[in-house]
Structure formats: structure tokens, C-alpha cells
Undergrad: 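What follows is a structure written as C-alpha cells; I'll ask about it next.
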Amino acid sequence: MKMERESPMQMGGGAHVLVFPYPVQGHICPMVEFSKRLASKGVRVTVVITTASAATESMKQLLAAQPNNSSFKIEVISDGSEHFQKSDFAQETAQEYQDRFRGATTKNLSNLITNIKNNKNDSDSDNSEDNNDDYPLKCIVYHSCMPWVLDIALQHGLDGAPIFTTSAAVTAIFHHFNEGVLKIPSKDDRTSTTTMLMPSMPVPLGINDLPSFLSDVDAYPTYLKLTMNQFSNIAQVKWIFYTNFEKLEEKVFKWMASQDWPVKTIGPTIPSSFLDKRLEDEKDYSLSLFKPDVETCMKWLDSKEAGSVVYVSFGSLANLTKEQMDEVAWGLNNNNYHFLWVIKESEKEKLPINFFEEISEKGLVVSWCSQLQVLAHKAVGCFVTHCGWNSILEALSLGVPMVAVPQWADQTTNAKFVVDVWKVGVRVKVNEKGKITKEELAMRVRQVMEKEMGMEFRKASLMWKELAKEAVDEGGSSDKNIEEFVAQLG
Ligand code: UDP
């Protein structure tokens, strides 16, 4: 990997930053992109990956292909799972997983820091002057769901800074809940028209627009606790990073500033080649847990007319029920548009038996694609998405309107913003049983794909695309924030 790197002197002193993502696709990718932006501004960055993710086939290949240079490095530390069989992972409860992960990584991250600090002359360095004395370790940027990393940083005399890979709105909602500002009506007191106003929100939210950990507080106790913990030591940090850009959530960021939160937007955190093109030419994220079938997808898309394909993905974590898979399958087939649908290998058995015969040439199903390349392809006219935050940022950055099919967590709030704040698409309504139907999905897709009806969504999407590029380009808000952070590391 070639990094355009200025000397530490040019940037006002060199520094070394550890970047520690939580080991899921949606956290690793944006944090690696941030790392590359930092490295391009003269900072030495070490990204810390944990053993279970490093052991995936796709990650092994990617790790082997990473250059071992001094400005951007990857270190693997143990998460305590080396001796696990597949069944051991499956048997662990969410809480047991959290405890094991935290216990092992606390020790091993601490050891890594000690080693870096003690290892004065870095043997991997490609430049004899380029040693650790010029780049003292200064800060750990950690995913916000691991606030305990701040304690490790402080014990070693380092700064710690959380990075949020959700929208700022979602963080603000949880914060309002934590502070008692947001009071959620009990299930008996709710109606479909109940709305809640919050000081940071640009629009009132209904119950179904809240993150699902709040609309049903009993459903995911471990995740709710994890989310609330994000605020446990937020008052002690010098920086709080967001993977989006200021203009996308102006009102929320203004509210955060009014509360003296030291927020820095540094995104959108997608490879530079899809936005400002100032860093090396990359066709995808450099670290991904899954291997994409790029050739099949690109060849198929190349054969389709501009704006004629519906791209469908529910991300790396969501699993639909068999019944919902049926509805999505027939909903897509009910329209006359081509579709490209990503279905994880483990989910394919849920497809209707005669599905492939029925769709014939109309659809292509793959286990994983390069979503960035797909969204950037001119054949794609809309994105049927589960509204994971990375998918939202990618669609906005690449100017693709959306059909929102949120599943859980922050996706419901993201869907609300897609429709009512950014105005780049529609949301599929669930029926009285909480399910989506094929008729509803097909109708929503038409609303975005049809020339006249979809015009406003396309216009708004192109506007956000421009603003996203402007933010990371030279002198843009995110670019300036990254430079300020680098200068403050000094
Ligand atoms: N993604 C991909 N190929 C696919 C489907 C998804 O590369 O076939 C990527 C997508 O670009 C995004 C990430 O996987 O960066 C999914 O993150 P998101 O936050 O949208 O959802 P999650 O998987 O965390 O639910």
C-alpha cells in the first residue's frame, strides 16, 4: 500500500496511533479507512485486529497482502478463542462472549502497547531515520462500544478517543434516554401516532423510528447495556469521532457542540477512490471479513442499462426468517426490474424452491459482492437496504436512492432519516404482524425506480454525493478535522 506521507516535521511532529475496531465488518472497514487518512497525513498507524477475525479465509489473504511499512501496520492480538471449536463459538452467550473478549484483549492490547513503547528501533521500518523516537505512541482510537479501552490508554499515559460507527442521531437518542430526557411510553400507552421530540433531533420520532434496543427495551438487554456503556467515560475523552460528515446531521452536531462534546466528523469513511481520489486507487475496502464475487457482479451489471437494476443487501449480520425471504424474493420478482441480491451462503437454503427457475435472467444472487463497486455502477438504480450505517453512508456517498427495510438496532432510525431528513428514498411498511409483504416491497421499489416518481430521490441523492466528496476533499470539514486531530497529537 502506497501512502502519500509527509514527514513528521512537516505535520508538526510525528505520532503513532493505535486503532482498535470491534471485530465486525461494519466497524473494521470504516476504521481502517480512517487509519489510511491518518497515515496520509504523516501519522504512523497500527490497526489492531483480533484472532477470530484474522482467522477468516478472506482476512488471511488480505493480511498476507498488506505491505509491512512503517506508516500503516496491522497487528493481530488474541481474543482468547484460539483453541475454540466452531461449536464453542455457537454455545457462548452474548455476555460470555463480551467477557471473554474483554478479558483477553485487555491483557493483550496492554502487552502490545508495552512492546511498541519498548521497541525503540523498529526492525520493520523501511527507513533508518524512521524509528519510534520520531513517532511516539500517543493515542488509541477505539470503537465506542469498548469504552474500557480508555482505561488501558490512560494506564499507559496515552490519550483515548472513541469512534462511533452509527449516526450521531442514534448516539444522541441513547444519550437522551440515559439522561432521562427521552421518556419512552410503555407498550400499553403507545399508539401508531405517538411521537417524541428531542432537543437534538431535526424531526419528531415515532416508536418505530427509535433504535430497536429502545423501542423494545427487554429484547436485547446485553446490547442495550453495551450501548449505554458508551457514555460511561465520555466526559474524559479529548476527541469523539464520527464516520460521517457535518452537513449530514447538522442539527445533531450543533446540539453536541452545545453540550461541549469534543466531536470530530472524519467521513464518509469509504475508500478515497470513490470520493476525492486523493489517496491510492482502491477498488474496495482493504480489510473485509468476506470474499466478494466481483467478476460475476461486474460482468452482469455491465450488460444492463443505466439505472435499471435494483441492488438488494441486508448486510453482514441480519438473518431473515424463511417467510420474510419468500416475501422479498417474490416482491423482487413481481416487478420488471433486474435485481442483484446478496444472500449469505448460510441463508440461501431459505429461498423458495422454484425461485431460480422463476426469476430466470431477471436476477443474480451472490453470497457477497463489492458493495462499493456495485453502488458505483451506473446500472444500479436503487438500493434495497437493511439500513446498516455503513450501507447508508455508502449509498449517500455514491448517490444511490434507497428503499429502506430496517431490521433492528440503529437501522430503524437510519430509515427515518433516509425518508424524512435526507429525502433519498422510501421505507417499506410492515403489516400488523410486523412483516413486510411482497406487494408492499414491490410497490416501494417502483416508487424509487420509476422515472417520474423517483426523480426527487435521485436529485437529493446526487446532492448528498457532492457534499460527501466535498467533506473529505482538501479543505473540507472532515479533512480539516483530521488535520486538527493530527496537529493536536503533536
Ligand atoms: N458489504 C459488502 N458486500 C456485500 C454486502 C455488504 O461489501 O455483499 C459491506 C458494505 O459495503 C458495508 C458492510 O458490508 O460496508 C455492511 O455494513 P453495514 O453497517 O451496512 O451493516 P452490518 O453488516 O454492520 O449490519
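All values reported here derive from a predicted model rather than from experimental measurement. One-based numbering, in listed order, for ligands and for the atoms of each. Sequence positions, counted from 1, serve as the residue numbers for this chain.
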Undergrad: Look at atom 13 (C) of ligand 1 and say which protein heavy atom is nearest, naming residue and atom and giving the distance to 0.1 Å.
TA: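 For atom 13 (C) of ligand 1, the nearest protein heavy atom comes out as Gln25 CG, 4.0 Å.
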Undergrad: Under 3.5 Å, which donor-acceptor pairs do the side chains of residues 223-231 form with other protein atoms, sequence neighbours left out?
TA:
residue : atom : partner : partner atom : Å
Thr227  : OG1  : Tyr223  : O            : 2.6
Gln230  : OE1  : Ser144  : OG           : 2.6
Gln230  : NE2  : Thr227  : O            : 3.1

Undergrad: Count the heavy atoms of every other residue, nucleotide or ligand shown that sit under 6.0 Å from NZ of Lys322, and state whether that count exceeds 12.
TA: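 Yes, because the 6.0 Å sphere around NZ of Lys322 holds more than 12 heavy atoms from other groups.
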Undergrad: Do the rings of His27 and Tyr22 sit parallel, tilted or perpendicular, given the 30° and 60° boundaries?
TA: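 Rings of His27 and Tyr22: tilted, as their planes differ by 30° to 60°.
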Undergrad: Please work out whether any backbone atom (N, CA, C, O) or any side-chain heavy atom from C-beta onward of Gln371 is under 4.0 Å from ligand 1, and answer side chain, backbone, both or neither.
TA: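 Both backbone and side chain.
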Undergrad: List the closest protein heavy-atom neighbour of atom 9 (C) of ligand 1: residue, atom name, distance to the nearest 0.1 Å.
TA: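 Heavy-atom neighbour on the protein nearest atom 9 (C) of ligand 1: Trp368 CZ2, 3.7 Å.
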Undergrad: For atom 22 (P) of ligand 1, state which one of Ser316, Gly26, Ala409 supplies the nearest heavy atom.
TA: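 Among Ser316, Gly26, Ala409, the closest heavy atom to atom 22 (P) of ligand 1 belongs to Ser316.
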Undergrad: Check this for me - ligand 1, Glu394, N or O atoms closer than 3.5 angstrom, yes or no?
TA: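 Yes.
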Undergrad: Would the Phe89 and Tyr97 ring centres measure less than 6.0 Å apart?
TA: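 Centroid distance Phe89-Tyr97: not below 6.0 Å, so no.
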Undergrad: So if I count the atoms of ligand 1 from 1 in the order they appear, which ones are less than 4.0 Å from some heavy atom of Ser313?
TA: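 It comes down to these atoms of ligand 1: 5 (C).
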Undergrad: Would you be so kind as to tabulate the donor-acceptor pairs closer than 3.5 Å made by side chains of residues 363-372, with sequence neighbours excluded?
TA:
residue : atom : partner : partner atom : Å
Ser367  : OG   : Glu345  : OE1          : 2.4
Ser367  : OG   : Lys348  : NZ           : 2.9
Ser370  : OG   : Asp284  : OD2          : 3.2
Ser370  : OG   : Gln373  : N            : 3.4
Ser370  : OG   : Gln373  : NE2          : 3.3
Gln371  : OE1  : Tyr311  : OH           : 2.8
Gln371  : NE2  : Ser391  : OG           : 3.1
Gln371  : NE2  : Glu394  : OE1          : 2.8

Undergrad: Nearest protein heavy-atom contact for atom 8 (O) of ligand 1: which residue, which atom, what distance?
TA: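 Here the closest protein heavy atom is Cys369 N, 2.8 Å.
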Undergrad: Near Val342, which atoms of ligand 1 are under 4.0 Å from a heavy atom of that residue?
TA: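 Ligand 1 atoms under the 4.0 Å threshold to Val342: 8 (O).
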Undergrad: Could you walk me through whether His386 and Ser313 pass side chain to side chain donor-acceptor pair (under 3.5 Å), step by step?
TA: CA-CA 7 Å; His386 72 309; Ser313 166; 5.3 Å; no
Undergrad: For the residue pair Lys251 and Trp255, would you count it as a cation-pi contact if the rule is NZ or CZ under 6.0 angstrom from the ring centre and within 45 degrees of the ring axis?
TA: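 Ring-cation test returns no.
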Undergrad: For ligand 1, is His386 a contact, meaning one of its heavy atoms is under 4.0 Å away?
TA: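 Right, His386 reaches ligand 1.
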Undergrad: Is the shortest N/O to N/O distance between Asn390 and ligand 1 below 3.5 Å?
TA: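 Yes; at least one N/O pair falls below 3.5 Å.
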Undergrad: Please list the nearest protein heavy atom to atom 20 (O) of ligand 1 with its residue and the distance rounded to 0.1 Å.
TA: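 So the nearest neighbour among protein heavy atoms is Ser391 OG, 2.5 Å.
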Undergrad: Around Lys350, counting heavy atoms of other residues, nucleotides and ligands shown, do more than 12 lie under 6.0 Å from its NZ?
TA: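 Yes.
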Undergrad: Go through ligand 1 atom by atom and flag the ones less than 4.0 Å from a non-hydrogen atom of Gly315.
TA: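 Counting from 1, the qualifying ligand atoms are 23 (O).
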Undergrad: Which of the numbered atoms in ligand 1 are below 4.0 angstrom from a heavy atom of Trp389?
TA: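 What qualifies from ligand 1 is 19 (O).
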Undergrad: With a distance cut-off below 6.0 Å to the six-membered ring centre and an angular limit of 45° from the axis, does Arg37 pair with Phe485 as a cation-pi contact?
TA: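 No.
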Undergrad: Which ligand 1 atoms does Tyr285 reach within 4.0 Å, using its non-hydrogen atoms?
TA: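 Matching atoms, with element in brackets: 15 (O).
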